[in-house]
Amino acid sequence: IGSTFITETEITRYLNEGARYLQTLNDWDFTQRSNDFSYTDGSNVYALSAVTVADDFKAPIELFYNYTNMFSFTAPEDFDVIENYDWNVWALDGSSVDVKTNFGSQTLALDYYSNYMAKTAAGVWQQDLSGDTDITLVPDIYADILVDYATKKIFRKEGKTDDYVLSENSFDKRLNSLTDRYRSKRKDTQFHMKNPRDYGKINFDTKEDVLRQM
């Protein structure tokens, strides 16, 4: 009597824990962002933080200039060879983005999945819910999935086994529906070269050599 078993701070922590757990399960379209950045011909390495909206990068979707100049996404160890050809290529190398175009300096667009899952009432994206007026990025029709996650944590702490099971089942049902609706468009490496010594060549002389071991 006179004590609080579940605090509001704890509930917020559970909601954020649920949001972070969702991030580990899929790439959600409602976390997709796009940012323009200036590519300078001859300068092929850019800090990832400089080509994203904020320090919120999770996974790549696409890099493009327009729909007639598409880019090939390659492994960073291959980029140094492929950039010598007249191609549009890019790679992620740790905290950097490697880019090469065949049309020179232009403003490029990077589409990517953000690791943010909340926003303020003013629409500013952020990592977690923190204030009473903050909003989850999860669409309203599915937002109760975070409530399911939080309540199952609460019911387990309270020892209410039946209520815990009901919340867990509700969470799983909403998760299945959410996953069916949102399919990941994460960019995968399109090709990966083998070491030329593996098949008796010292240098790559043609594009065919680069693609030989796709």
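Just so you know, residue 1 is the first one in the sequence shown, and it goes up from there. All values below were derived from every heavy atom in this structure, side-chain atoms included, with hydrogens, water molecules and symmetry-related copies excluded.
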For this session: Take Tyr21 and Glu17 through the test side chain to side chain donor-acceptor pair (under 3.5 Å) and record every step on the way to the result.
Result: CA-CA 6 Å; Tyr21 178 59; Glu17 182 181 324; over 6 Å; no
Problem set entry | CA sep, side-chain torsions, deciding dist, call: Tyr142, Arg181, side-chain contact (heavy atoms from CB on, under 4.5 Å) | CA-CA 11 Å; Tyr142 291 110; Arg181 179 166 181 176; 3.6 Å; yes
Problem set entry | Derivation and outcome, side-chain contact (heavy atoms from CB on, under 4.5 Å), residues Asn69 and Asn102 | CA-CA 9 Å; Asn69 291 276; Asn102 65 9; 4.1 Å; yes
Exercise. Can Tyr116 and Gln126 be said to form a side chain to side chain donor-acceptor pair (under 3.5 Å), step by step?
Worked result: CA-CA 6 Å; Tyr116 285 4; Gln126 58 190 21; over 6 Å; no
For this session: Could you check Arg20 against Asp128 for salt bridge (charged side-chain N to carboxylate O under 4.0 Å, His left out), going step by step and ending with a plain yes or no?
Result: CA-CA 9 Å; Arg20 290 191 295 271; Asp128 295 324; 3.4 Å; yes
For this session: Might you work through the side-chain contact (heavy atoms from CB on, under 4.5 Å) test for Leu146 and Thr136, ending with a clear yes or no?
Result: CA-CA 9 Å; Leu146 299 182; Thr136 177; 3.5 Å; yes
For this session: Go through the steps for Tyr39 and Asn44 under the test side-chain contact (heavy atoms from CB on, under 4.5 Å), then give the verdict.
Result: CA-CA 8 Å; Tyr39 165 81; Asn44 296 346; 3.4 Å; yes
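In the model, Asn66 has a side-chain atom that pairs as donor or acceptor with a side-chain atom of Thr68 under 3.5 Å. Thr52 and Tyr112 share no side-chain donor-acceptor pair at under 3.5 Å. Side-chain N/O atoms of Thr9 and Arg13 include no donor and acceptor closer than 3.5 Å.
Note: the hydrophobic cluster containing Val138 also contains Tyr149 (ILVMFWY, side chain heavy atoms under 4.5 Å, direct or indirect links). By the criterion of side-chain heavy atoms lying less than 4.5 angstrom apart, applied directly or through intervening Ile, Leu, Val, Met, Phe, Trp or Tyr residues, Val97 is not grouped with Phe64; the two fall into different hydrophobic clusters. Cluster membership check: Tyr113 does not share its hydrophobic cluster with Trp28, using side-chain heavy-atom separations under 4.5 Å among Ile, Leu, Val, Met, Phe, Trp and Tyr. Hydrophobic clustering keeps Val147 apart from Leu166 (ILVMFWY residues linked when any side-chain heavy atoms are closer than 4.5 Å, directly or through intermediates). Ile135 and Leu137 are assigned to two separate hydrophobic clusters, defined by single-linkage of ILVMFWY side chains at heavy-atom distances under 4.5 Å.
The shortest side-chain heavy-atom distance between Ser114 and Phe57 does not fall under the 4.5 Å cut-off. Looking at heavy atoms from C-beta onward, Tyr46 lies out of side-chain contact with Ser96 at the 4.5 angstrom threshold. Using a 4.5 Å cut-off on side-chain heavy atoms (C-beta onward), Leu22 and Asn26 make no contact. Using a 4.5 Å cut-off on side-chain heavy atoms (C-beta onward), Phe171 and Asp144 make no contact. A 4.5 Å side-chain heavy-atom check between Phe37 and Leu108 finds at least one atom pair inside the cut-off. Looking at Leu63 and Val99, their side chains come closer than 4.5 Å, going by heavy atoms from C-beta outward. A 4.5 Å side-chain heavy-atom check between Ile11 and Lys153 finds every atom pair outside the cut-off. Taking the side chain as every heavy atom from C-beta outward, Phe71 and Thr101 approach each other to under 4.5 Å.
Listed for the Gln127 side chain is a donor-acceptor partner under 3.5 Å among the backbone atoms of Asn115. Within the 3.5 Å criterion, the main-chain N or O of Gly131 finds a donor-acceptor partner in the side chain of Asp134. Although no hydrogens or angles enter the test, the distance criterion places a donor-acceptor pair under 3.5 Å between the side chain of Lys58 and the main chain of Gln23.
Ion pairing of Asp111 with Lys187 is absent here, as no side-chain N (NZ or NE/NH1/NH2) approaches a carboxylate O to less than 4.0 Å. A salt bridge links Arg174 with Asp148: the distance from a Lys NZ or Arg NE/NH1/NH2 to an Asp or Glu carboxylate oxygen falls below 4.0 Å. Ion pairing between Asp27 and Lys185 fails under the 4.0 Å rule for side-chain N and carboxylate O.
For the atom pair OG (Ser184) and CD1 (Ile61), the distance works out to 7.5 Å, reported to the nearest 0.5 Å. A distance of 10.5 Å separates OH of Tyr182 from OG1 of Thr31, quoted to the nearest 0.5 Å. Interatomic distance, NZ of Lys173 versus CG of Leu175, reported as 13.5 Å (0.5 Å rounding). Summarising the geometry, atom CG belonging to Asp98 is positioned 10.0 Å from atom CZ belonging to Phe73; distances are rounded to the nearest 0.5 Å. For the atom pair OG1 (Thr151) and CZ (Arg156), the distance works out to 11.5 Å, reported to the nearest 0.5 Å. Rounded to the nearest 0.5 angstrom, Met117 CE and Leu15 CG are separated by 11.0 Å.
Smallest separation of non-hydrogen atoms from Glu83 and Asp80: CG-O, 3.4 Å. Closest approach of Leu48 and Gly94 over heavy atoms only: CD2-O, 4.3 Å. Across all their heavy atoms, Asp36 and Ala109 have their closest contact at OD1-CB, 3.4 Å. When all heavy atoms are compared, the tightest approach of Thr74 to Ala91 is O-CB, 3.2 Å.
Counting heavy-atom neighbours within 6.0 Å of Asp140 CG, excluding the residue itself, gives a total of 12 or less. In this structure, Asn176 places its CG atom where more than 12 heavy-atom neighbours from other residues, nucleotides or ligands lie under 6.0 Å away.
A search for salt bridge (charged side-chain N to carboxylate O under 4.0 Å, His left out) contacts involving Arg33 returns Asp56, not counting sequence neighbours.
Judged by the 6.0 Å and 45° rule, Lys157 forms a cation-pi pair with Phe5.
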